[in-house]
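Here the structure comes first, spelled out in structure tokens, and everything after it is commentary.
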Amino acid sequence: MTRTRFAPSPTGYLHIGGLRTALFSWLWAKKNSGEFLLRIEDTDLARNSEDAVTAILKAFDWVGMSYDGEAIFQSKRFDLYKKYIEQLLKEGKAYKCYMSKDELSKLREEQMAKGERTRYDGRYRDFTGTPPKGVEPVIRIKAPQEGRISFTDGVKGEFSVDASEVDDFVIARAGGVPTYNFVVAIDDALMGLTDVIRGDDHLYNTPKQIVVYNALGFKIPNFYHVAMINNEQGKKLSKRDGATDVMEYKTLGYLPEALLNFLVRLGWSHGDQEIFSVEEMIALFDPKNINKSSSNYNLDKLLWLNAHYIKNKPHNELAELLVDFGVDIRDSDKRDLILNATKERGKTLVELSEQINLILNAPTEYNPKNAKKAFKGDAIEILGEFLEMLKESNASTKEEYHAVIEAIVAKREIGFGKIGMPLRVSLLGSMTGSGLDEIMAILGTDETIKRVNKAIEFINS
RNA sequence: GGCCCCUUCGUCUAACGGUUAGGAUCCAUGGUUUUCAUCCAUGUUACAGGAGUUCGAAUCUCCUAGGGGUCACCA
């Protein structure tokens, strides 16, 4: 069975790049009717927080991705790791290193000065003497000293590094807390993962983890290293480049399906297809189509996708989502009228709620520029006559209101704009917006008259 | 700096030795619309550079340049 995972370290919110690799892993598991597991990498004593864990879980929940089984916390598995450390020690595959931190950094400086790669020199690898006093040892694993460490990467292809690139790295700190590369390999193996999809910043961890796999006799999974997402300038994505926290997109009025659709196309493609429902993603996703090159982050397409998903969202769901943006039309009998009149004008839920409020809230003032242009000439007479005709018409539907506008246009032999402009500014305070017939159908005749009268008063004053 | 990876329109990408290098987005123009938006149509813009291999190269090889990753008792 295909098993994938997402393994964040809880040091903050869920990053947009993290969501993409999680999405890839999740899709691949779903596609193969496998399992997608979640593991929290909290071996770092100080840096991780519970808040971060809930933040990550919340983001997962928002986008609708769920994991199988219980989330695994590495902090609760120290006994397990300890067992393997002891096993390696006993088998002579790992050893205690009594080098102090000072000595280590001195060694690094020397290597740096000589222009060499900094690496541990293995001085305690075969140490049998009396250990120095006052130094609590770290445990290092014996990495191969010659040859190459190689594996097949599902994205990059054949990948190998020279054994000299991998030193005898620390698997347990002084004090016994195990380190990242050690526990990742153990957990990935024990969780029965078949495919590890992660960012390619982990590419160089893989040979180290393979050392652990081999020392412990574990089966090595398939690795896929996905290139990073950079900012528009091709540099590392940072907070200055806009939202990097997944949940920020919720506040900005993006729909999760738009975000997922956007992210799935960043570094992956299926021919010319741009729009993917989650079901389609699952059906079509294949890591073999993951791009080798990194991609730049540009929100244009996300905005376009978001507009698309807003336009196609069922009204009851849209109304539900709008509540968070200060618009509650869930129980309104005008709900469909309102949404039909506005949903093509908002690329985000924020913009959509603004459009709706524009109609629902009577203008408190008229933009001087708009008013000057729209209320000039015989606008006041036209508005007055329009009101008379409106009262007589008993109009209540969009079509009926439209007929009233057409009637006055025909009667006075004027262009549509002659009534359209002043009427729009009267109703909205704005020169642009939804169709007048739609707006009036939403407001009703009484409210329309009220707003127009207010405008007439304004013109007179 | 060492090692490694990457490089097609501004951006996301297609192409798996033979195409007028395709699609999407953005932008521009036109149409639809009382306005705006939507929608539709049209258009501008790309194989990083240089050598090879081949009848033929965006696709294969090498070099150069640019970008990125990584070199912890962090994850």
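Just so it is clear: chains get the letters A, B, ... in the order the sequence lines come, proteins before strands, and each one is counted from 1.
- Side-chain N/O atoms of A/Asp201 and base N/O atoms of B/rG69 include no donor-acceptor pair closer than 3.5 Å.
- Side chain of A/Lys311, nearest nucleotide from B/rU38, B/rU25, B/rU11: B/rU38.
- A salt bridge links A/Arg39 to A/Glu41: at least one charged side-chain nitrogen sits closer than 4.0 Å to a carboxylate oxygen.
- Following rounding to the nearest Å, A/Tyr366 (OH) and B/rU35 (P) show an atom-to-atom distance of 22 Å.
- When distances are taken from the side chain of A/Tyr204 to each of B/rC73, B/rU70, B/rU25, the shortest belongs to B/rU70.
- Within 4.0 Å (heavy atoms only), A/Lys101 reaches at least one base atom of the nucleic acid.
- Nearest to the side chain of A/Lys235, among B/rA14, B/rA24, B/rG68, sits B/rG68.
- Residue-level contact check: A/Thr432 touches the bases, meaning some heavy atom is under 4.0 Å from a base atom.
- Across all strands shown, A/Gly433 has heavy atoms under 4.0 Å from base atoms, whether or not it also approaches the sugar-phosphate.
- Residue contacts shown for A/Arg108 are limited to sugar-phosphate atoms, with no base heavy atom under 4.0 Å away.
- No contact: A/Ala227 has no heavy atom under 4.0 Å from any strand.
- Comparing B/rC73, B/rU35, B/rC12 against the side chain of A/Thr179 picks out B/rC73 as the nearest.
- The side chain of A/Thr118 approaches B/rC71 more closely than any other nucleotide in the set B/rC71, B/rC73, B/rG10.
- Summarising the geometry, the separation between CG on A/Asn230 and P on B/rG10 is reported as 17 Å, rounded to the nearest angstrom.
- Of all nucleotides listed (B/rU11, B/rG68, B/rU13), B/rU11 comes nearest to the side chain of A/Glu232.
- Per the geometry, CG belonging to A/Leu427 stands 18 Å off P belonging to B/rC36, to the nearest Å.
- With A/Phe262 as the fixed residue, the ring-ring contact (aromatic ring centres under 6.0 Å, His included) test singles out one of A/Tyr297, A/Tyr309, A/Phe276, A/Tyr249: A/Tyr297.
- Atoms CZ (A/Arg117) and P (B/rA72) sit 7 Å apart, rounded to a whole Å.
- Within residues 338-351 of chain A, the residues approached by RNA chain B to less than 4.0 Å at the level of any non-hydrogen atom are A/Glu344, A/Arg345, A/Lys347, in residue-number order.
- Within 4.0 Å of A/Val138, counting heavy atoms only, lies at least one base atom of the nucleic acid.
- Rounded to a whole angstrom, the distance from the P atom of B/rA51 to that of B/rG56 is 15 Å.
- Not a single donor-acceptor pair, N or O on each side, falls under 3.5 Å between the base of B/rC5 and the side chain of A/Lys156.
- Residue A/Asn261 comes nearest to A/Ile275 through the heavy atom pair OD1-CA, 3.5 Å, listed as atom of the first residue, atom of the second, then distance.
- Nucleotides B/rA37 and B/rA28 have their P atoms positioned 11 Å apart, rounded to a whole Å.
- Picking from B/rA14, B/rA72, B/rU34 the nucleotide with the shortest atom distance to the side chain of A/Ser269 gives B/rA14.
- The side chain of A/Phe159 lies closest to B/rC4, out of B/rG10, B/rA24, B/rC4.
- Backbone-only engagement by A/Leu266 is indicated by non-hydrogen atom pairs under 4.0 Å involving sugar-phosphate atoms exclusively.
- When heavy atoms are screened at a 4.0 angstrom cut-off, A/Arg140 is found touching the sugar-phosphate backbone but no base atom.
- Taking each heavy atom of A/Val155 and A/Lys292 in turn, the nearest pair found is O-CE, 3.4 Å.
- Here B/rG69 presents its P atom at 17 Å from CG of A/Asp153, a figure rounded to the nearest Å.
- Among the nucleotides B/rU25, B/rG69, B/rA75, the one closest to any side-chain atom of A/Asn205 is B/rA75.
- Ranking B/rC5, B/rG2, B/rC26 by closeness to the A/Glu165 side chain, first place goes to B/rG2.
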